[in-house]
Amino acid sequence: FVQDYKLGRLDAASEDGGPAPPPGQPRARRAYLREYIRWLKPHRKELPFVFLIALIVAGLQMIEPLFMRYIVDHVILNRTLDTGARLTKLNLIGLVFLSVIILSHVGGGFKDYRQRILNVRVILSLRRALYERLLHLPLPRLWEMKTGGILSRLTGDVETTTGLLQMAVISPAISAIRLVIAIGILLALNWQLAVTALAIIPGVMALSLIFTRRIRPIYRSVRKDVEVVDGRVGETFSGIRVVRAFRQEIQELLSFMLGRHTVLRKELFAHRRELLLWTSWGLLEAGISVVIVWFGGYLNIVGRASVGDIMAFQWYMFLLLNPVWSIVNSFSEMQRSLAAMERVFEVLGMEQDKPDKPDAREAPSAVREIRFENVSFEYRPGMPVVHDFSVAVPGGSVVALVGRSGAGKTTVTDLVARFHDPTKGRLLLNGTDIRDFRLRSYRDLLALVQQDVFLFDGSVRENIAYGRHDATDAEVEDASRRANAHEFIARLPQGYDTTIGERGVKLSGGQQQRLAIARAILASPQILILDEATSNLDTESEQLIQAAMADLLAGRTTFVIAHR
């Protein structure tokens with residue numbers, strides 16, 4: 001990693017550590033920035049308001065040193081006025097001075113609050129769009145990103161991306177305005193002292209900007225490592241039974257700590273470089289203060305600068321270095337935001353899975369026939385799983401798919417559910433290619449029960465009604481009776497309101513499967529897919545469910561994968 005960093009390879013490395021990206025990468029980054037600006041357009045009224053408040057606060061802060069200069073030169077050191085007049089003038093100017101300081105701090109707090117509201121709105125809209133896009137991405141894309149990659153984009157990356165609003169828009173603009181005002185006032189007060197104090201800043205600022213730009217690849221690498229570590233944590237606790245059964249707790253702990261240790265070392269690697277920059281700026285501030293007092297003292301002795309000028313210069317240099325540092329620091333922080341932004345907008349730019357055709361229509365409400373016409377499908381090019389498959393399935397019939405593992409039984413039902421589209425051939429519903437229907441309306445016809453049951457961390461009722469949120473309690477109970485699940489549900493501590501845990505871990509395998517069947521029954525589908533749906537049931541429960549479902553399956557087209 002360090003060797004790649006020194007040779008500049010991190011700058012060209014792709015997100016997954018693969019080969020260098022194509023020459024169009026900078027153009028892609030500019031496209032992402034334009035996309036981010038487009039996301040800010042709905043808030044174009046709020047943004048100028050925040051900017052105006054920040055501008056007013058900056059203006060108030062810029063005049064504060066002038067009050068101090070006036071008090072020192074025209075009140076404290078003014079021997080032409082008597083004591084009473086000087087005290088009166090001091091109290092009057094002091095009250096105005098205090099009012100300006102209070103107003104600037106109150107305004108600054110209000111600005112921060114309004115900016116926070118703006119950030120929250122951008123975060124919410126961006127996170128919603130990202131989540132929606134992830135829900136509709138092709139399955140292979142989601143498998144590539146893994147759970148850790150998905151979660152890191154939805155949480156940390158979105159939060160970091162919205163930092164661009166402050167780091168790339170508000171902060172640099174306000175800092176630039178403050179910089180111009182401060183330089184103008186310094187030159188007006190004493191151009192000799194101003195030129196001496198300002199001479200070193202441009203070079204240091206340029207070096208700082210070049211230096212901070214080298215930090216972004218480090219943070220990009222850190223985000224990738226965090227994604228991998230978090231993904232592994234999710235896998236570990238999803239498969240905790242396997243981990244314990246094979247006594248791999250220590251190995252998983254070592255793997256987690258190794259990943260986190262790598263992340264920590266890379267963060268420290270970046271922090272050391274940032275620390276060098278921060279230390280240099282601290283020395284610069286102290287050095288300029290010494291120069292102002294030293295050279296300012298000389299100018300005062302020879303009669304070309306007042307004590308108030310020197311004190312005002314000290315304050316103005318603080319106000320001047322702050323926006324300069326803010327611009328440099330903004331650029332440094334912006335590197336993190338840009339790295340996160342690329343990951344977020346990369347996903348938002350992906351094509352969604354099976355978008356509807358412009359002339360797509362609603363799927364029919366009844367199924368008369370499902371027909372496979374010379375259908376072939378391959379997950380990997382040149383390796384077909386289903387080859388030249390043709391069959392006509394009359395509506396309302398029950399079709400059994402039997403064969404050895406890996407023969408393509410589940411793939412056939414996945415094609416029916418349109419999780420995949422045929423590589424060759426067509427799949428027709430009532431004589432029409434299913435790709436000509438709106439995907440959502442077509443899937444309204446479907447319900448699926450798999451061998452590997454997936455239940456959500458919620459109540460029994462919520463899981464059964466997952467496909468029909470408007471279902472009544474009576475309908476939920478009826479579906480559970482048909483699936484032979486009502487009896488065990490009634491024995492649960494809170495009945496239908498019992499929380500079953502993540503993936504239904506509080507239930508046995510057979511109980512989980514019966515809830516999944518009840519969920520499918522409640523959906524009342526036209527096409528029902530049962531993929532080893534009764535494999536985890538005992539023989540008696542399986543027979544009871546089959547008997548209960550006999551009238552349910554009447555008139556519905558059912559695909560059954562089973563070995564019994």
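Count residues from 1 along the sequence.
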CZ/R116: more than 12 non-hydrogen atoms of other groups inside 6.0 Å
no
Quick check: does any side chain N or O of S255 sit under 3.5 Å from a backbone N or O of Q251, one acting as donor and the other as acceptor?
no
May I ask you to decide if R519's main-chain N or O and N463's side chain share a donor-acceptor pair within less than 3.5 Å?
no
Quick one: closest heavy-atom pair of L130 and V158, and the distance?
CD2-CG2, 3.7 Å
Do other residues, nucleotides or ligands put more than 12 heavy atoms under 6.0 Å from the CG atom of L135?
yes
Just wondering, are more than 12 heavy atoms of other shown residues or ligands nearer than 6.0 Å to NE2 in H261?
no
Over all atoms of both residues, closest heavy-atom pair of I53 and R114
CD1-CG, 4.5 Å
Calculate, to the nearest 0.5 Å, the distance between atoms CD and NE2 belonging to E351 and H136 respectively.
13.5 Å
Please give me the minimum heavy-atom distance between D225 and K266, naming the atom from each residue.
OD2-NZ, 2.6 Å
Residue set satisfying salt bridge (charged side-chain N to carboxylate O under 4.0 Å, His left out) with R265, at least two apart, ordered chain then number -> none
If you compare all heavy atoms of I150 against all heavy atoms of L142, which two are closest, and at what distance to 0.1 Å?
CD1-CD2, 4.0 Å
Parallel, tilted or perpendicular, as decided by the 30° and 60° cut-offs, for the rings of F110 and F49
perpendicular
Any chance you could lay out the side-chain contact (heavy atoms from CB on, under 4.5 Å) test for Y496 and I464, step after step, and finish with the verdict?
CA-CA 9 Å; Y496 283 85; I464 295 176; 4.2 Å; yes
Donor-acceptor contacts under 3.5 Å from residues 90-97 side chains, at least two apart:
residue : atom : partner : partner atom : Å
N91     : ND2  : L87     : O            : 3.3

Mind checking what makes ring pair (Phe, Tyr, Trp, His ring centres under 6.0 Å) contact with Y131, not counting sequence neighbours?
none
For the CG atom of L60 and the CD1 atom of I102, what is their distance to the nearest 0.5 Å?
12.0 Å
Do any N or O atoms from the side chain of R461 and from the backbone of V476 form a donor-acceptor pair under 3.5 angstrom?
no
Counting only heavy atoms from other residues, nucleotides and ligands, does the tally under 6.0 Å from OH of Y466 exceed 12?
no
Stepwise side-chain contact (heavy atoms from CB on, under 4.5 Å) check, L98 with F67:
CA-CA 10 Å; L98 181 62; F67 281 95; over 6 Å; no
Which atom names give the shortest non-hydrogen contact between L137 and R141, and what distance separates them?
CB-CB, 4.4 Å
Rounded distance (nearest 0.5 Å) linking atom CG of L507 with atom CG of L455:
7.0 Å
Check ring pair (Phe, Tyr, Trp, His ring centres under 6.0 Å) between Y70 and all other residues, then give those that pass, not counting sequence neighbours.
H74
Grab the two heavy atoms, one from R133 and one from L348, that are nearest each other, plus how far apart they are.
NH1-O, 2.9 Å
Report, as yes or no, whether the 6.0 Å neighbourhood of atom CD on E249 holds more than 12 heavy atoms from other residues, nucleotides or ligands.
yes
Here the gap from D112 atom CG to I117 atom CD1, rounded to the nearest 0.5 Å, amounts to 11.5 Å
As an exercise, state the distance from NZ of K506 to OG1 of T499, rounded to the nearest 0.5 Å.
6.0 Å
Report, as yes or no, whether the 6.0 Å neighbourhood of atom CZ on R260 holds more than 12 heavy atoms from other residues, nucleotides or ligands.
yes
Applying ring pair (Phe, Tyr, Trp, His ring centres under 6.0 Å), can you list everything that pairs with H271, at least two apart in sequence or on another chain?
W278
Holding to side-chain hydrogen bond (donor to acceptor under 3.5 Å, both in side chains), I want the full list of residues that pass it with E64, two or more places apart in sequence or in another chain.
S104
Determine yes or no for a side-chain-to-main-chain donor-acceptor pair under 3.5 angstrom, with R86 supplying the side chain and I76 the backbone.
yes
